[in-house]
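In what follows, residues are counted from 1 in the order of the sequence shown.
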Amino acid sequence: MRTLEIKKNDANQRLDKFLQKNFKTLPKSLMYKYIRKKCIKVNGKKCDIQTMLCEGDILTFYIKDEFFEAAEQKSYEFMKAPTKLDIIYEDENILLLNKKPGVIVHPDKNYHFDSLVARVQHYLYDKGEYNPDEEQAFAPALVNRIDRNTGGIVIAAKNAESLRVMNAKMKTRELEKHYLCLIYGKPAKDTDVLHDYITKNESKNKVSIHKTQVENSKEVITEYTVLKSNGKFSIADVELHTGRTHQIRAHMASIGHPLVGDTKYGKNKKAPDGFNYQALYSYKLICNFGADAGILNYLNGKEFSVDTNKIWFSDYIG
């Protein structure tokens, strides 16, 4: 028999979610069987997969030691990542980071040890704000993600409650996100709301914009405002009203104004020297909470931004 006490960052989640995170080698079918046969109990009582865990709950396990041993064999890959971060804002709950183009947000099969999330975990570990030995299923995590070659604001949550709140606010569009981009030409309208439909080709990792709804399409809404233009190029502020893959890149290209440097959606345009990837930057975040935000209520109404003078293409047209 073994026991585990539920800590603050592990509370307010379903039992099965906690077990899947903490016992990665435990097959799901066997986990369900253990719960059904009372080999896993909460506070000494029978439970089910939907049991919500509370801080201080005691889990009792009558399962094979091998699953505990696998869970206890911890190697901290994040320690291999550098701790260099450009921090826009930090408090006890969240970090707002200015991600540089070229940095991936999460590990992938080709670049597994250095990522923005690994840098965050290493940074917080060095500060003494994150100790994996004291956590059972939680690790500091990113709320939003942006493409490798897009720069800008990424939100990191230091604790589970902040992660839950910010994920919910992201889903309900209570986080207003603005992007700065350099586009070819000047749109006929200085400001407009583009309202169309989008489909994604998973194998090519590319999306298409449609004027009418088609099979498997999703609504896509993009609002842009031209800030300055010399006719040949324009700097625009773009606000996302939906959050789709490559939304800005594909939507602006669909009206004949692709992003400078975007080889995927602006193939017929030759990029000027120095534009090795799309000129796109997530530069402003506004917290517009319409509902209670719990421990993050203090962020309501606050605006955070990257100094536009530090954005690599912001002064291209003077």
Side-chain angles (χ1 to χ4, degrees), residues 99-102 105 144-154 170 173 175-202 204-214 216-286 305-306 308 310-318:
K99 185 191 87 69
K100 299 300 190 293
V105 291
N144 62 313
R145 59 181 302 161
I146 51 181
D147 293 340
R148 178 175 187 160
N149 289 328
T150 299
I153 299 175
V154 176
M170 187 71 66
R173 315 301 301 174
L175 296 173
E176 184 179 319
K177 294 180 290 181
H178 289 256
Y179 290 73
L180 200 70
C181 62
L182 179 68
I183 58 176
Y184 287 98
K186 184 178 185 296
K189 296 180 180 179
D190 285 339
T191 184
D192 198 8
V193 178
L194 309 177
H195 192 164
D196 295 297
Y197 298 90
I198 195 169
T199 56
K200 183 177 182 181
N201 184 319
E202 295 286 351
K204 294 182 178 180
N205 190 31
K206 188 174 182 179
V207 301
S208 299
I209 300 294
H210 309 269
K211 294 300 179 184
T212 57
Q213 194 164 13
V214 299
N216 297 321
S217 65
K218 295 180 180 179
E219 182 182 47
V220 60
I221 304 173
T222 308
E223 182 176 355
Y224 75 83
T225 300
V226 175
L227 301 179
K228 55 184 177 180
S229 177
N230 63 6
K232 186 176 181 180
F233 301 101
S234 299
I235 292 281
D237 171 285
V238 180
E239 179 184 353
L240 293 179
H241 293 283
T242 53
R244 311 298 184 197
T245 300
H246 300 170
Q247 176 174 329
I248 295 173
R249 298 164 61 186
H251 222 170
M252 296 308 294
S254 75
I255 62 169
H257 301 282
L259 274 59
V260 177
D262 190 347
T263 57
K264 181 166 284 191
Y265 298 99
K267 287 186 176 180
N268 296 327
K269 302 287 187 179
K270 179 174 172 54
D273 291 341
F275 285 81
N276 299 319
Y277 35 75
Q278 64 270 10
L280 181 64
Y281 219 93
S282 175
Y283 82 108
K284 185 162 57 177
L285 175 73
I286 304 172
S305 61
V306 175
T308 55
K310 295 181 179 180
I311 297 176
W312 61 278
F313 58 86
S314 62
D315 61 351
Y316 184 73
I317 60 175

Least distance between heavy atoms, [X] atom then [Y] atom:
X	Y	result
V105	R145	CG2-CB, 3.7 Å
C181	L280	CB-CD1, 3.9 Å
T150	K99	O-NZ, 2.9 Å
L285	I153	N-CD1, 4.0 Å
S229	S234	OG-OG, 2.8 Å
L180	S314	CD2-CB, 4.3 Å

Quick one: does [X]'s side chain get under 4.5 Å of [Y]'s, heavy atoms only?
X	Y	result
H195	T222	no
D192	L194	yes
V226	P187	yes

- Query: Any luck finding a side-chain donor-acceptor pair between E219 and T242 under 3.5 Å?
  - Reply: no
- Query: Which residues pass the ring-ring contact (aromatic ring centres under 6.0 Å, His included) test with H178, sequence neighbours left out?
  - Reply: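 For H178 there are no ring-ring contact (aromatic ring centres under 6.0 Å, His included) partners, ignoring immediate neighbours.
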Measure the spacing between [atom1] of [X] and [atom2] of [Y] and express it to the nearest 0.5 Å.
X	Y	atom1	atom2	value
N216	I198	CG	CD1	13.0 Å
Q247	M252	CD	CE	11.5 Å
S217	R244	OG	CZ	9.5 Å
I209	I255	CD1	CD1	10.5 Å
H210	T212	NE2	OG1	8.5 Å
Y281	I311	OH	CD1	6.5 Å

- Task: Might you work through the side-chain contact (heavy atoms from CB on, under 4.5 Å) test for R249 and D147, ending with a clear yes or no?
- Result: CA-CA 11 Å; R249 298 164 61 186; D147 293 340; 3.4 Å; yes
- K189 to Y224 six-membered ring, cation-pi geometry met (6.0 Å, 45°):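 Geometry flag: not set, cation outside 6.0 Å or 45°.
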May I ask you to decide if [Y]'s main-chain N or O and [X]'s side chain share a donor-acceptor pair within less than 3.5 Å?
X	Y	result
N201	S208	no
Y265	V207	yes
S305	Y283	no

- With H246, the side-chain contact (heavy atoms from CB on, under 4.5 Å) member among Q278, K264, K206: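 Considering Q278, K264, K206, a side-chain contact (heavy atoms from CB on, under 4.5 Å) with H246 is found only for K264.
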- Item | Non-neighbouring partners of K269 that pass salt bridge (charged side-chain N to carboxylate O under 4.0 Å, His left out), sequence neighbours left out |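 With sequence neighbours excluded, K269 shows a salt bridge (charged side-chain N to carboxylate O under 4.0 Å, His left out) to no residue whatsoever.
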- Message: My understanding is that only one of F313, Y184, Y316 makes a ring pair (Phe, Tyr, Trp, His ring centres under 6.0 Å) with F275; could you say which?
- Response: Y316
- Message: Would you say that more than 12 heavy atoms from the other residues, nucleotides or ligands in this model lie under 6.0 Å from the NZ of K100, or not?
- Response: yes
